[in-house]
K.L.:
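My structure is below; once you've seen it, I'll send some questions.
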Amino acid sequence: MKKDIILPEIADNVVTGYLASVLVSVGDVIEEDQSIIEVETDKATTDIPSSFGGKIIDIKVNAGDEIRVGQVIMVLEVEESEEAEEKKSPVVIPDLPVPKESGIRDPVEVAPKASILVPASPSVRRFARELGVDINRVKGSGKDGRISDDDVKAHTKAVIQGGSTQSNLQTAYAEVPDFSQWGTINNEPMSRIRQITAESTLNSWQTIPQVVQFNKADITELEKFRQMSKTQVDKVGGKLTMTAILLKVSALALRQFPKFNASVDMKNKQVIYKDFVNIGVAVDTPQGLLVPIVRDADKKSLTELSIEIGQLAEKARNKKLTAEEMHGGNFTISNLGGIGGTAFTPIVYPHQVAILGVSKAIMEQVYRDEKFEARLLMPLSLSYDHRLIDGADGARFMGWICKVMEQPFSLWL
Ligand code: CAO
């Protein structure tokens, strides 16, 4: 059966937006919540998820169009089971007033308002998910308890407040001075990505007691191996970089040290161990920091990982990542080595317990076998959550990683 996807509420009091890009094509089979278009408003850029799954049979909008809340943007062929599922969990329809213009349908006419789900638009739900906030716990301040981005932020603030000192909070959300008294200023709203990064790093900084362990891995032999094997990986469309190698080594380390692959659940006083190894890779993009997730990294070969990271980084830079591709990481790698710097202290992501920071490898004098030798050393910094991981665990984990980097052929064993 055919079903229309209408543009849901984008943000509070925003009725129109500019269609930045269409993320899917006719013929694609998409899942519920998969991002389908990216919309820019004067407030932010955000991608819009589909409210149900199915096969796309028509796309009614083009990049560059001005589009309106309630407008039909795509038509999907939906299977019977999808419809049944939808009846069980009706889509929450925004209640913004929609001007009655040609081609635009009032969404309330499309489906009845849900009574069992908390009232929030898909973009607000996504925002909450990205911050790791359970939307069911957020108190909506809108009509009929409707939840907005600001409600999610207020909830996040309150959660942070519970676990931090009042002075921290006052500093984080304090009024800023009027800088125009000292010169010309230009106020720009934060992009969606900036807001998420700001809230999530603040959340992490105030709730996770972090320790950083530093090491230097001797990658002299590993770099020879990389140079030798590069062409082989190039031939199948990948790029054998240090990030791919670090991903492989970290995935093996997470299997060896399951605590680093776990999450802390303070509410229920438990540690959640995971039997899957999903690793986020920080990617620097013109829009800001994005962290796509490589799933089941422990089960993939170095070549497969080289191809996948290249593809994910490319998608990140071209704003093509789906929400799905950015969720569910257990551990993160942040490699600034291609850019520079001698060391840095990365921040652990919420719901993870460790992140590996990588700086630029350089030649250094090392005393070995009773003489100084020039060796290639890669600075590593492991930030970890001391609630779960003790200093000795951190030192062992890093020691293991460095040993494998120093003896690359042990990867085969
Ligand atoms: N030391 C020395 N050389 C390194 C290195 C390191 N730590 N890391 C990468 N290099 C090398 C690569 O091997 C590659 O060398 P060749 O051209 O000889 O093959 C070169 O530097 C360029 O690498 P790259 O950047 O193209 O690829 P990459 O896999 O190393 O990195 C990615 C990919 C996505 C991690 C990177 O592009 C990126 O975005 N880094 C920034 C991450 C970031 O912003 N972190 C901060 C997050 S917290 O604020």
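Order of appearance sets the numbers: ligands from 1, and atoms from 1 within every ligand. Atom set for the values below is all heavy atoms of this structure, side chains included, hydrogens, waters and symmetry mates excluded.
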K.L.:
I need the atoms of ligand 1 closer than 4.0 Å to a non-hydrogen atom of V358, numbered in the order shown.
P.N.:
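Near V358, the atoms of ligand 1 are 7 (N).
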K.L.:
Is a side-chain N or O of K139 found less than 3.5 angstrom from the main chain of H155, in a donor-acceptor match?
P.N.:
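No, K139 side chain to H155 backbone: no donor-acceptor pair under 3.5 Å.
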K.L.:
Taking non-hydrogen atoms only, is L336 closer than 4.0 angstrom to ligand 1 via side chain, backbone, both or neither?
P.N.:
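It is the side chain that touches ligand 1; the backbone stays farther off.
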K.L.:
Pairing donors with acceptors under 3.5 angstrom, does anything connect the side chains of T231 and D234?
P.N.:
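Result is no, nothing qualifies.
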K.L.:
To which protein heavy atom is atom 25 (O) of ligand 1 closest, and what is the distance rounded to 0.1 Å?
P.N.:
G338 CA, 4.5 Å
K.L.:
Note the single closest protein heavy atom to atom 19 (O) of ligand 1, along with its residue, its atom name and the distance in Å.
P.N.:
R226 NH1, 3.0 Å
K.L.:
Could you tell me whether the side chain of E77 reaches within less than 4.5 Å of the side chain of K2, counting heavy atoms only?
P.N.:
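They are in contact (side-chain heavy atoms under 4.5 Å apart), so the answer is yes.
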K.L.:
For atom 29 (O) of ligand 1, which protein heavy atom lies nearest, and how many Å away is it?
P.N.:
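Nearest protein contact, heavy atoms only, for atom 29 (O) of ligand 1 is T241 OG1, 2.5 Å.
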K.L.:
Can you sort out which atoms of ligand 1 are near K239, meaning under 4.0 Å from one of its heavy atoms?
P.N.:
17 (O), 19 (O), 26 (O)
K.L.:
Please write down residue, atom name and distance for the protein heavy atom closest to atom 49 (O) of ligand 1.
P.N.:
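I find the closest protein heavy atom is L289 CD2, 4.1 Å.
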K.L.:
Does A361, backbone or side chain, put an N or O under 3.5 Å from an N or O of ligand 1?
P.N.:
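Yes, since at least one N or O of A361 sits under 3.5 Å from an N or O of ligand 1.
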K.L.:
For M378, take its heavy atoms, then give the atoms of ligand 1 lying under 4.0 Å from any of them.
P.N.:
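Numbered from 1, ligand 1 contributes 1 (N), 6 (C), 7 (N).
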K.L.:
Does K60 come within less than 4.0 Å of D65, counting only side-chain N to carboxylate O?
P.N.:
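D65 and K60: not salt-bridged.
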K.L.:
With a 3.5 Å cut-off and no angle check, do the side chains of Q352 and T332 form a donor-acceptor pair?
P.N.:
yes
K.L.:
State, yes or no, whether a side-chain contact exists between M398 and L356 at a heavy-atom distance under 4.5 Å.
P.N.:
yes
K.L.:
Tell me which protein heavy atom sits closest to atom 36 (C) of ligand 1, plus the residue, atom name and distance to 0.1 Å.
P.N.:
R317 NH2, 3.8 Å
K.L.:
I'd like to know if S334 contacts ligand 1, where contact means a heavy-atom distance under 4.0 Å to any ligand atom.
P.N.:
yes
K.L.:
In plain terms, say whether E221 and K224 are close enough for a salt bridge, that is, a side-chain N and a carboxylate O under 4.0 Å apart.
P.N.:
yes
K.L.:
Under a plain distance cut-off of 3.5 Å, with no hydrogens placed, do E38 and S21 share a side-chain donor-acceptor pair?
P.N.:
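S21 vs E38: donor-acceptor pair found between side chains.
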K.L.:
May I ask you to list the atoms of ligand 1 that are less than 4.0 angstrom from any heavy atom of M242?
P.N.:
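In order of number, 8 (N), 13 (O).
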K.L.:
D150 and S148: side-chain donor and acceptor closer than 3.5 Å?
P.N.:
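D150 vs S148: no donor-acceptor pair found between side chains.
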K.L.:
Could you identify the single nearest non-hydrogen protein atom to atom 6 (C) of ligand 1 and state the distance to 0.1 Å?
P.N.:
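Heavy-atom neighbour on the protein nearest atom 6 (C) of ligand 1: G337 CA, 3.5 Å.
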K.L.:
Can you sort out which atoms of ligand 1 are near K230, meaning under 4.0 Å from one of its heavy atoms?
P.N.:
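Near K230, meaning under 4.0 Å from one of its heavy atoms, ligand 1 has 16 (P), 18 (O), 19 (O).
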K.L.:
Of the backbone atoms (N, CA, C, O) and the side-chain heavy atoms from C-beta on, which set of S359 has a member under 4.0 Å from an atom of ligand 1: side chain, backbone, both, or neither?
P.N.:
backbone
K.L.:
Regarding atom 28 (P) of ligand 1: of the candidates T243, N335, T201, which has the closest heavy atom?
P.N.:
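Ranked by closest heavy atom to atom 28 (P) of ligand 1, first place is T243.
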K.L.:
Looking only at protein heavy atoms, which one is nearest to atom 42 (C) of ligand 1, and what is the separation?
P.N.:
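Checked against all protein heavy atoms, atom 42 (C) of ligand 1 sits closest to A282 O, 3.3 Å.
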K.L.:
Can you check side chain to side chain contact (heavy atoms under 4.5 Å, CB included) on T197 and R194, steps first, answer last?
P.N.:
CA-CA 5 Å; T197 304; R194 196 72 261 152; 3.4 Å; yes
K.L.:
Per the ring-ring contact (aromatic ring centres under 6.0 Å, His included) rule, which among F331, F397, Y273 passes with F257?
P.N.:
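Exactly one candidate clears the test, F397.
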K.L.:
At a non-hydrogen distance cut-off of under 4.0 Å, which region of D284 contacts ligand 1 (side chain, backbone, both, or neither)?
P.N.:
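Both backbone and side chain.
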K.L.:
With the threshold set at under 4.0 angstrom, would you say E223 reaches ligand 1 through any of its heavy atoms?
P.N.:
no
K.L.:
Which pairs with one or both residues in residues 264-278 pass salt bridge (Lys or Arg N to Asp or Glu O under 4.0 Å), sequence neighbours excluded?
P.N.:
R255-D275
